*Asks:* 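Okay, here's the structure, questions in a sec.
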Protein chains: 2
Amino acid sequence: MAKDVVAGAARQRRRRTRQGEVLSHELIVRTALRMLAEHGAQGLTARRLGLALGADPSALYRYFAGMDALVLAIADELTGRALAGWTSTGDWRQDLRTLGLRIHRAYLSHPQAAVLTASRVSGGPHVLTVDETVLSILHRAGFRDRDLARHYHVFIDSCLAFAALDAASLALPPAALAADERMWRTTYAALPSDTHPRIAETAPLLAARMTDSAYPDVLDTLIDRAAAELAAPATVPTGAGPVPMEKAPAGRRTRRGGLRPEPPGGPAHPEGGSA
Amino acid sequence: MAKDVVAGAARQRRRRTRQGEVLSHELIVRTALRMLAEHGAQGLTARRLGLALGADPSALYRYFAGMDALVLAIADELTGRALAGWTSTGDWRQDLRTLGLRIHRAYLSHPQAAVLTASRVSGGPHVLTVDETVLSILHRAGFRDRDLARHYHVFIDSCLAFAALDAASLALPPAALAADERMWRTTYAALPSDTHPRIAETAPLLAARMTDSAYPDVLDTLIDRAAAELAAPATVPTGAGPVPMEKAPAGRRTRRGGLRPEPPGGPAHPEGGSA
DNA sequence: CAGCTTATGCCAACGCCATTGACCTAAGAC
DNA sequence: GTCTTAGGTCAATGGCGTTGGCATAAGCTG
């Protein structure tokens, strides 16, 4: 098998599975999203997905090169849902705010999927559309060139970063989530005030706040800053520009000697990036 | 087994493994970090860790309740490294900035570990120290109560969110990372300007910027906003407060019928959080 | 030093997992 | 009706985390 891996979108022979289902890319992605919602991030396995589809797990490999390719397809689907039905109001601040919150919410509505995909750049069609939209909003606001790129960068990375962070906590199994919330009320609140005075006195307020997302607050702050720059172009940010990230310290073992070709969390972008 | 799970820090009998090694919490965490650096996030498995330690994989369960507890210990270790050697300058803005960048950098220095841990709240001792430190810096700056909690929330979540996001791209296998960078120069730059005009004209600038981290820029913006609030206390953020995150839509299957007690992404905080 | 307790390491096994090669069969082209 | 082959199924491989049972040596007590 796995000769062609993924035939074109228009499949030729719609054969039925033993249980009478007719598979398709779309059906598989939708079912995967449903399973993620029902069983959590660990609930998405080829075996269970096959079960839910009424098909043998190996049938999935006729549609996706592997679980990783499926995850990328899910990511683009989520991005598409974020933008669905949105229309510009003409007010760039409101547009940016709405878009940011929409993307954030779309990811949080499927936290288990978001955890897997928020930090991936799929280059898929829906992602490209969002990028173009954000850039055009900023452009209409009056930003150009370096400033345009800077604000876009800050906007999109903040949105994805918080989506990933917030989704991760939502994606925790309920028991762990409860333990987390309890920790703010017990562990932190119980710290002796001679060793941790600030935590001791602030713990109740933190307990009330830390389980919410800080993203809306951050988003507003970033938009305010952008607006302030428009009003007074001389106002450049305090620090220097972006800081280059250094590469990971050590080399990775090349795929030999017992390592699977590329395990579950995987190869990332195996299909390169065709728009 | 697994009666006591994790004996106290001072273990009683330092028995040697068959290969003559003497295990300890510290040795295990350090070895795990080394494995993460060498083999990537998927390279950290109980079996391989046992191999690297010269011990049976099951010996790990005398020290950690499971792989999940080990991951939390790694997170605390990273946090500790971020704070090591830091001293306050007395200038709250500079202190916050340095701390934020330090934590961010500490995580990025072990991207594979950061990916696994950035979104986890370990409640470990080093994390508590950082929390107390940040709160005390903000307190000395003049923030109290709700404002104190709000700025702390924004600060720490931004830091961790960007650490997770940036680490995720650094953690990509080199081939995928290269493909990512190439995409900004090729795919995005090659988009026709009639369908994606803004992307087309901004692509070169984006290519130069998107591979860096937006965190320093965001951090400075957040600190500036905090300072502005101090100067003019009436200035409340534009939007409302934090937005409550909704829980995952559907209930999870309780641990019956084939689900492992709690799979890899797991139980979280099994050791509660004693400082 | 002898003897006891038990902490801690090892072994073998369980039930998951993704993935693949070999096969079979029905869908669609002619 | 016949043929080709896409798209199913089956069975197997080698990984994984985790656990129960067992053996043994470390360190205490005398």
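Note that this is a predicted model, so its numbers are computed, not measured. By convention in this document, chain letters (A, B, ...) are assigned in the order of the sequence lines, proteins followed by strands, and residues within each chain are numbered from 1.
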*Asks:* Would you say the side chain of Arg62(A) and the base of dG8(D) hold a donor-acceptor pair, judged only by whether the two atoms sit under 3.5 Å apart?
*Replies:*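 Between dG8(D) and Arg62(A), which were checked side chain against base, a qualifying N/O pair under 3.5 Å is present.
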*Asks:* From CG of Leu23(A) over to C1' of dA27(C), roughly how many Å is that when rounded to an integer?
*Replies:*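 From Leu23(A) CG to dA27(C) C1': 15 Å.
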*Asks:* Just jot down the side chain to side chain donor-acceptor pair (under 3.5 Å) partners of Asp76(B), sequence neighbours excluded, or say none.
*Replies:*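 For Asp76(B), the residues satisfying side chain to side chain donor-acceptor pair (under 3.5 Å) (neighbours in sequence not counted) are His126(B).
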*Asks:* Quick check on DNA chain D: between Asp56(B) and Val22(A), whose nearest nucleotide comes earlier from the 5' end?
*Replies:*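 Counting from the 5' end, the first nearest nucleotide belongs to Val22(A).
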*Asks:* Starting at CE of Met67(B) and ending at C1' of dT19(D), how long is that distance when rounded to a whole Å?
*Replies:*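 Interatomic distance, CE of Met67(B) to C1' of dT19(D): 16 Å.
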*Asks:* To the nearest Å, give me how far apart CZ (Arg14(A)) and C1' (dA29(C)) are.
*Replies:*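 Checked: the CZ to C1' distance equals 17 Å.
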*Asks:* Out of dC10(D), dT19(C), dT18(D), which nucleotide sits closest to the side chain of Pro57(A)?
*Replies:*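 Selected nucleotide (nearest to the side chain): dT19(C).
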*Asks:* Should Arg18(B) be listed as having a side-chain N or O under 4.0 Å from OP1 or OP2 of dC11(C)?
*Replies:*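 Answer is yes, contact under 4.0 Å.
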*Asks:* Would you say that Leu53(B) contacts Thr17(B) through its side chain, given a criterion of any heavy-atom pair below 4.5 Å between the two side chains?
*Replies:*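 No; the side chains remain at least 4.5 Å from each other.
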*Asks:* At what distance, to the nearest 0.5 angstrom, does CD of Glu38(B) lie from CG of Leu36(B)?
*Replies:*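 That separation rounds to 10.0 Å.
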*Asks:* Which pair of non-hydrogen atoms, one from Ala167(B) and one from Leu108(B), has the smallest distance, and what is that distance?
*Replies:*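 That would be N-CD2, 3.4 Å.
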*Asks:* Of the listed nucleotides (dA6(D), dA18(C), dT18(D)), which one gets closest to any side-chain atom of Ala46(B)?
*Replies:*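 Of dA6(D), dA18(C), dT18(D), dT18(D) is nearest to the side chain of Ala46(B).
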*Asks:* Hey, does the side-chain of Thr45(A) have a donor or acceptor N/O within less than 3.5 Å of a partner on the base of dC16(C)?
*Replies:*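 Donor-acceptor pair under 3.5 Å: no.
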*Asks:* Before giving the answer on side-chain contact (heavy atoms from CB on, under 4.5 Å), spell out for His25(A) and Val29(A) the whole-Å C-alpha distance, their side-chain angles and the decisive distance to 0.1 Å.
*Replies:* CA-CA 6 Å; His25(A) 281 86; Val29(A) 168; 5.5 Å; no
*Asks:* From CD of Gln19(A) over to C1' of dC10(D), roughly how many Å is that when rounded to an integer?
*Replies:*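 Distance check: Gln19(A) CD to dC10(D) C1' gives 15 Å.
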*Asks:* Could you state the CZ-P distance from Arg16(A) to dA27(C), rounded to the nearest angstrom?
*Replies:*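 Nearest whole value for this atom pair: 9 Å.
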*Asks:* Starting at CG of Leu49(B) and ending at P of dG9(C), how long is that distance when rounded to a whole Å?
*Replies:*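 It works out to 13 Å between those atoms.
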*Asks:* How many whole angstroms separate atom NE2 of His25(A) from atom P of dA6(D)?
*Replies:*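 The distance from NE2 of His25(A) to P of dA6(D) comes to 15 Å, rounded to the nearest Å.
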*Asks:* Using nucleotides 3-5 of chain C, report all nitrogen or oxygen pairs with the protein that are shorter than 3.5 Å.
*Replies:*
unit_1 : atom_1 : unit_2   : atom_2 : d
dT5(C) : O2     : Arg13(B) : NH2    : 3.0

*Asks:* Let me know the distance between CG of Leu44(B) and C1' of dG15(D), rounded to the nearest Å.
*Replies:*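 Taking CG of Leu44(B) and C1' of dG15(D), I get 15 Å after rounding.
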*Asks:* Once you round to the nearest 0.5 Å, how far does CZ of Arg105(B) lie from CZ of Arg81(B)?
*Replies:*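 Arg105(B) CZ to Arg81(B) CZ: 14.0 Å, rounded to 0.5 Å.
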*Asks:* The criterion is ring pair (Phe, Tyr, Trp, His ring centres under 6.0 Å); which residues satisfy it with Tyr215(A), sequence neighbours excluded?
*Replies:*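 By the ring pair (Phe, Tyr, Trp, His ring centres under 6.0 Å) rule, Tyr215(A) matches His104(A), Phe162(A).
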*Asks:* Do the side-chain N or O atoms of Tyr61(B) get closer than 4.0 angstrom to the phosphate oxygens (OP1, OP2) of dT8(C)?
*Replies:*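 Checking dT8(C) against Tyr61(B), no side-chain N or O comes under 4.0 Å of OP1 or OP2.
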*Asks:* Does a distance-only test, which skips hydrogens and angles, find a donor-acceptor pair under 3.5 Å between the side chain of Arg15(A) and the base of dT25(C)?
*Replies:*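 Present.
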*Asks:* Of Glu21(A) and Arg47(B), whose closest DNA chain D nucleotide lies nearer the 5' terminus?
*Replies:*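 Nearest nucleotide further toward 5': that of Glu21(A).
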*Asks:* Is any side-chain heavy atom of Met67(A) less than 4.5 Å from a side-chain heavy atom of Thr45(A)?
*Replies:*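 A side-chain contact is absent here, since even the closest heavy-atom pair is not under 4.5 Å.
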*Asks:* Establish whether the base of dC10(C) is bridged to the side chain of Thr17(B) by a donor-acceptor pair shorter than 3.5 Å.
*Replies:*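 Check fails, no donor-acceptor contact within cut-off.
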